[in-house]
Amino acid sequence: MYGWIWRHLPGNAWVRAAISLVLVLAVVYVLFQYIFPWAEPLLPFGDVTVDNNGGASR
Amino acid sequence: MALAAGVIGELLITAGVVLGLFVVYSLWWTNVVADRVAAKKGDRVRDHWAHDDTPGRDFDAKDGIGFLHVPAMGRKFQVLIVKGTDAEELNKGVAGYYTKPVKAALPWAGHGNFTLAAHRDGHGAKFHKLNRLDKGDVAVVETKDEWYVYKVFNTLPQTSKYNVGAIEAIPKGSGRTKAGRYLTLTTCTPVYTSRYRLIVWAELIRTEKVDPERTLPPELR
């Protein structure tokens, strides 16, 4: 999979490495900015209140 | 076949890396973001206090009603107190006072329980060290013109998340049976989970007027 991407990137090894780095950073950005904030409330790690219906309030 | 195995292997490695990044996000990045937001909100409250000469309590301020100081969690420990305990509020690196299931009594109320919740990990992790509090430790609530000094009289290291009694006006299980001016701090326990709740109960021992220099009360010096 990653080999396939590597082979299809343009330029020599240095250019490909640079493009790869940008792609990795873009993926990390999307994860931190959108995916993780979305996934977080689905996981029960952040509940700090006492509540009689549990889960409704975090 | 070898190709399929290779792709599956790469996907598994990717999943591992993503999970690792999620841990980094939860335990580090959310703190960075929350501390930044909390600092900005805190500054706004102090700025507001400095420029508002009208006497009286400032509990309508949407940025927060004051600060909680707990020397046992660090000499300079302070956290902004805002209304509500929804994730949206608490994720800003603040402590929220309960509006449900039992409404908190604000510190200046004649009697009742001022109940607060904050994150144990991530999003500022303001109550990360709440387990360090023990009987006799001091917690101070700072509002625009009053210091409210509380002393811890009991703790509950682990309780059910449904233990609503712990935040009632006369907290059940605290050992107190009469109405008083209580402060209750709640967070999740053990660390990195939300399985149980950790409760700390304190009661008001004195109040002190804030002077123009906002000199810290002796308990915080």
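First the proteins, then the strands, lettered A, B, ... as listed; each starts at 1. Heavy atoms only: backbone and side chains are in, while hydrogens, waters and symmetry mates are out.
In terms of heavy-atom pairs under 4.5 angstrom with chain A, the leader among B:Arg195, B:Arg120, B:His123 is B:His123. When each of B:Gly96, B:Gly122, B:Ala118, B:Ser160 is checked for heavy-atom pairs under 4.5 Å with chain A, B:Ala118 comes out on top.
Note that CD1 of B:Ile13 and CE of A:Met1 are 9.0 Å apart. Values are rounded to the nearest 0.5 Å. To the nearest 0.5 angstrom, A:Thr49 atom OG1 is 7.0 Å from B:Lys100 atom NZ. Rounding to the nearest 0.5 angstrom, the gap separating the CD1 atom in A:Ile35 from the CG atom in B:Leu21 is 12.0 Å.
Using modelled atom types, no side-chain atom of A:Glu40 and backbone atom of B:Ser26 make a donor-acceptor pair closer than 3.5 Å. Here the side chain of B:Tyr98 pairs a donor or acceptor atom with the backbone of A:Val50 at under 3.5 angstrom.
Crowding of B:Lys92 atom NZ: a count of heavy atoms from other residues, nucleotides or ligands under 6.0 Å exceeding 12.
Within residues 166-176 of chain B, the residues having any heavy atom under 4.5 Å from a heavy atom of chain A are, by residue number, B:Ile167.
Looking at B:Leu3, neither its backbone nor its side chain comes within 4.5 Å of chain A, counting heavy atoms on both sides. For B:Arg197, the part sitting under 4.5 Å from any heavy atom of chain A is the side chain, from C-beta outward, and nothing else. With a 4.5 Å cut-off on non-hydrogen atoms, A:Val28 touches chain B through its side chain but not through its backbone. For B:Val17, no part sits under 4.5 Å from any heavy atom of chain A, backbone or side chain.
For the pair A:Tyr2 and B:Thr14, the minimum side-chain heavy-atom distance is below 4.5 Å. Residues B:Val24 and A:Phe32 have side chains in contact (heavy-atom distance under 4.5 Å, counting atoms from C-beta outward).
Relative orientation of the B:Tyr25 and A:Phe36 rings is tilted, given thresholds of 30° and 60° on the angle between their planes.
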